[in-house]
Amino acid sequence: MAAPRSPARQLLARLLRRRLVLFALVALVVVVVAALFAPWLAPYAPGRMDIAHRLAAPAARHWLGSDEFGRDTLSRVLFGAQQSLLVGALVVVLATVLGTALGLLAGYVRRLDAPLMRLTDALMAFPDILLAIALMAGLGASMFNVVLALGIVYTPRVARIVRGAVLVLRELAFVEAAEALGAGDLRIMLVHLLPNLLSALIVQGTFIFGYAILTEAALSFLGTGVPPTTPTWGNMIATAQQYMGQADWLILVPGGAIVLVVLSLQVLGDGLRDALDPKLQRLL
Amino acid sequence: MLRYLMRRIGGLIVVMLLVAVIVFIIARVVPGDPVAVMLGSSATPADVAALRTRLGLDQPLVVQFLIYLRQIVTGDLGQSLFLNRPVLQAMADRAELTALLTLMSAAIATLIGVPVGVISAVRRGTLLDQAATALSMFAASLPSFWVGLTLIEYLAVKMPWFPVAGWGDPGAGFGEHLHHLVLPAIALGLPNSALIIRFTRTAMLDVLGDDYVRTARAKGVGPMGVVVHHALRNALIPVLTVIGLTIATLIGGAIVTETVFGLPGVGNLIVSAVLRRDYPVIQGSLLVISGIYVLINLAVDLLYALVDPRVRF
């Protein structure tokens with residue numbers, strides 16, 4: 001007799017039925033592992049200069065070519081993956097924590113609903129990139145501030161979705177039962193509502209991860225993101241601009257890395273949305 | 001309808017007030033004294049104190065905000081610290097380029113998005129549909145600045161079909177301006193076609209299953225006729241909404257694209273203001289662009305009501 005399958009196993013099975021989602025998952029795992037093991041996988045240190053082979057085209061010595069200082073493109077993209085993925089992950093964490101808190105309060109505490117939602121409306125009245133560079137202008141260019149700025153930019157999206165889900169959930173019998181048993185607001189929000197939001201948060205987090213990587217790259221490209229001494233993918237493209245005519249790999253490699261990761265995240269997010277609770281699909 | 005309009009305008013005013021608060025706060029979170037930053041390192045303490053008084057920075061925060069609000073309401077967005085002219089004037093000088101770029105990008109996003117979305121819906125479940133979905137996800141994963149650089153490299157440098165950068169000579173004709181904007185508009189429009197593809201597909205699928213489409217088919221209307229005259233017409237309503245929202249997004253995207261192509265538009269103004277810490281320009285452009293953004297959203301909702309007689313408020 002087959003063992004009963006856990007919900008997580010069922011989800012995974014449904015998720016992997018789509019071949020594209022499987023590819024995306026494999027691509028993401030490869031990129032994350034490559035980033036984690038960059039110090040061992042990279043053929044050279046990211047800052048090591050090979051002056052004799054500046055702007056070298058892809059060849060045996062430098063698989064993906066080298067930049068204007070003879071630094072190895074492959075090594076820099078691998079180390080750049082660490083920075084770009086770290087920024088993306090931290091933005092997801094920050095936006096999810098802030099957005100969930102705001103969304104729970106707006107959805108469950110009635111008198112806070114209107115003020116909090118108008119605040120998110122106001123934050124969403126700025127185009128993402130504009131709010132991000134304005135915040136960076138105030139905060140100053142650093143990786144920490146990029147995370148802070150993008151965390152603020154993506155908080156309203158999470159808050160709206162959480163609020164929408166809470167408005168549905170709060171009418172269900174189990175919340176009423178908890179209220180009848182005398183559970184306080186905080187307990188209901190954290191113990192009863194929060195676990196039910198998990199799947200919506202995972203889907204949204206996957207998409208925000210991708211947006212954050214794209215926006216971080218754009219900020220760094222504009223010179224208002226992570227300082228250029230750190231090789232993020234956006235920074236690599238920004239400096240490579242001047243050498244584009246002689247060395248197009250300097251643009252194509254980091255750009256391709258961004259597209260690969262963001263595309264995989266979108267495919268995965270899409271697959272997750274379809275595989276998860278159909279009741280939540282309306283909200284996302 | 002009128003009541004709905006009044007309510008929406010009321011909500012809009014509240015949101016814009018909050019926007020003003022956010023803009024005000026952003027300029028106040030600057031580490032260190034903004035006045036010292038503005039005056040540079042050679043300023044004496046007396047200079048700093050004088051400018052603080054002139055800008056009203058010695059007043060309590062609430063008073064400062066009220067002063068700021070009064071300025072905004074009277075259309076005074078302050079003076080640029082570097083350009084030696086009013087912020088609104090500096091923005092107006094560059095608005096034509098940005099507006100043109102936004103509209104051209106929207107046109108490109110629509111020209112890609114609507115046909116691909118329609119084909120995808122009509123050929124639902126086929127390889128063509130999957131290819132369209134893949135295209136929309138791929139487009140959404142493209143960093144627009146990277147697309148821009150790649151286009152410059154291949155279509156302006158290696159194949160000199162388009163100008164590498166800029167907007168032409170000051171006296172250049174409209175056609176030449178447009179020629180300069182082709183690559184920027186593709187760089188900005190292509191990534192933003194993703195949402196239009198998806199919305200068109202969903203909207204078409206909704207409509208294609210409707211009875212009236214079946215009736216049209218039964219009456220012998222050809223497949224093209226059904227799709228274009230019957231289905232697309234009705235599917236266009238949600239598609240219009242998403243095009244409106246895309247235009248709002250494109251205004252933000254123009255900031256990056258103008259930098260890539262060295263275009264002297266509003267986006268370029270904002271980026272140089274950020275790099276030079278020209279706070280009045282940053283604040284002013286935040287206010288104006290969010291105002292446009294909010295107005296476009298309102299316009300889209302009202303358009304919805306005009307186009308679709310079933311929508312009643």
Side-chain angles (χ1 to χ4, degrees), chain A residues 20 24 114-115 118-141 152 207 210-211 213-224 233-234 237-238 240-241 244-245 248 251-252 254-256 258-267 269-270, chain B residues 11 14-23 25-31 130 133-134 137-138 140-147 149-150 152-154 157-158 191 194 248-256 259-260 267 270-271 273-275 277-279 282-283 285-286 289-291 293-294 297:
Chain A
L20 202 57
R118 289 301 82 73
L119 179 67
T120 60
D121 283 348
L123 280 170
M124 288 176 91
F126 304 102
D128 294 356
I129 185 80
L130 178 62
L131 183 57
I133 65 169
L135 287 169
M136 289 307 293
L139 296 166
I152 294 172
F207 287 124
Y211 301 143
I213 289 177
L214 279 178
T215 315
E216 180 274 318
L219 283 178
S220 298
F221 174 78
L222 292 174
T224 57
W233 292 336
I237 298 175
Q241 250 187 113
M244 198 164 59
D248 50 11
I251 300 254
L252 295 178
I258 295 175
V259 175
L260 174 72
V261 170
V262 178
L263 181 59
S264 303
L265 284 166
Q266 298 226 25
V267 171
D270 221 49
Chain B
V14 174
V15 167
M16 284 313 293
L17 258 174
L18 282 168
V19 164
V21 173
I22 293 170
V23 170
I25 292 172
I26 287 177
R28 295 296 181 286
V29 296
V30 184
Q130 285 175 17
T133 306
M137 284 195 194
F138 178 70
S141 312
L142 292 170
S144 68
F145 65 96
W146 182 68
V147 179
L149 290 172
T150 314
I152 293 177
E153 170 65 9
Y154 295 103
V157 177
K158 292 205 168 138
T249 315
L250 289 170
I251 299 175
I255 297 171
V256 183
T259 307
V260 175
I270 295 171
V271 173
V274 167
L275 297 177
R277 306 209 149 201
D278 192 343
Y279 292 106
I282 300 173
Q283 282 182 293
S285 45
L286 277 170
I289 291 180
S290 61
Y293 205 90
V294 172
N297 271 304

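Lettering follows sequence order; numbering is per chain, from 1.
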Side-chain touch [X]/[Y], heavy atoms, less than 4.5 angstrom:
{"X": "Ile129(A)", "Y": "Leu219(A)", "answer": "yes"}
{"X": "Ile26(B)", "Y": "Gln283(B)", "answer": "no"}
{"X": "Val267(A)", "Y": "Met137(B)", "answer": "yes"}
{"X": "Thr224(A)", "Y": "Val271(B)", "answer": "no"}

Exercise. Would you mind checking which part of Leu275(B) comes under 4.5 Å of any heavy atom in chain A, side chain (CB onward), backbone (N, CA, C, O), both or neither?
Key: side chain
Self-check item: Which portion of Ile22(B) sits near chain A, non-hydrogen atoms under 4.5 angstrom
Solution: side chain
What's the separation between atom [atom1] in [X] and atom [atom2] in [Y], rounded to the nearest 0.5 Å?
{"X": "Ile270(B)", "Y": "Asp278(B)", "atom1": "CD1", "atom2": "CG", "result": "11.5 Å"}
{"X": "Leu18(B)", "Y": "Met16(B)", "atom1": "CG", "atom2": "CE", "result": "10.0 Å"}
{"X": "Leu222(A)", "Y": "Phe145(B)", "atom1": "CG", "atom2": "CZ", "result": "8.0 Å"}
{"X": "Leu286(B)", "Y": "Phe126(A)", "atom1": "CG", "atom2": "CZ", "result": "5.5 Å"}

Using a cut-off of under 4.5 Å for heavy-atom pairs, which of [options] has the most such pairs with chain A?
{"options": "Val157(B), Ile289(B), Thr133(B)", "answer": "Ile289(B)"}
{"options": "Val19(B), Leu17(B), Ile282(B)", "answer": "Val19(B)"}
{"options": "Ile255(B), Val294(B), Leu149(B)", "answer": "Leu149(B)"}
{"options": "Tyr154(B), Phe138(B), Tyr293(B), Trp146(B)", "answer": "Trp146(B)"}
{"options": "Ser290(B), Gly252(B), Gly11(B), Gly291(B)", "answer": "Ser290(B)"}
{"options": "Val14(B), Asn297(B), Val15(B)", "answer": "Val15(B)"}

Quiz item: Between Ile152(B) and Val260(B), is a side chain to side chain contact (heavy atoms under 4.5 Å, CB included) present by the stated rule, with each step listed?
Solution: CA-CA 9 Å; Ile152(B) 293 177; Val260(B) 175; 4.0 Å; yes
What part of [X] gets closer than 4.5 Å to chain B, counting heavy atoms only: side chain, backbone, both or neither?
{"X": "Leu252(A)", "answer": "both"}
{"X": "Asp128(A)", "answer": "neither"}
{"X": "Val261(A)", "answer": "neither"}
{"X": "Leu123(A)", "answer": "both"}

Among [options], which residue has the highest count of heavy-atom pairs closer than 4.5 Å to chain B?
{"options": "Ser264(A), Gly256(A), Ala238(A), Ala240(A)", "answer": "Gly256(A)"}
{"options": "Ala134(A), Gly223(A), Pro254(A)", "answer": "Ala134(A)"}
{"options": "Leu265(A), Ile251(A), Asp121(A)", "answer": "Ile251(A)"}

Exercise. List the atom of Ser141(B), the atom of Leu214(A), and the distance in Å for their closest heavy-atom pair.
Key: O-CD2, 3.7 Å
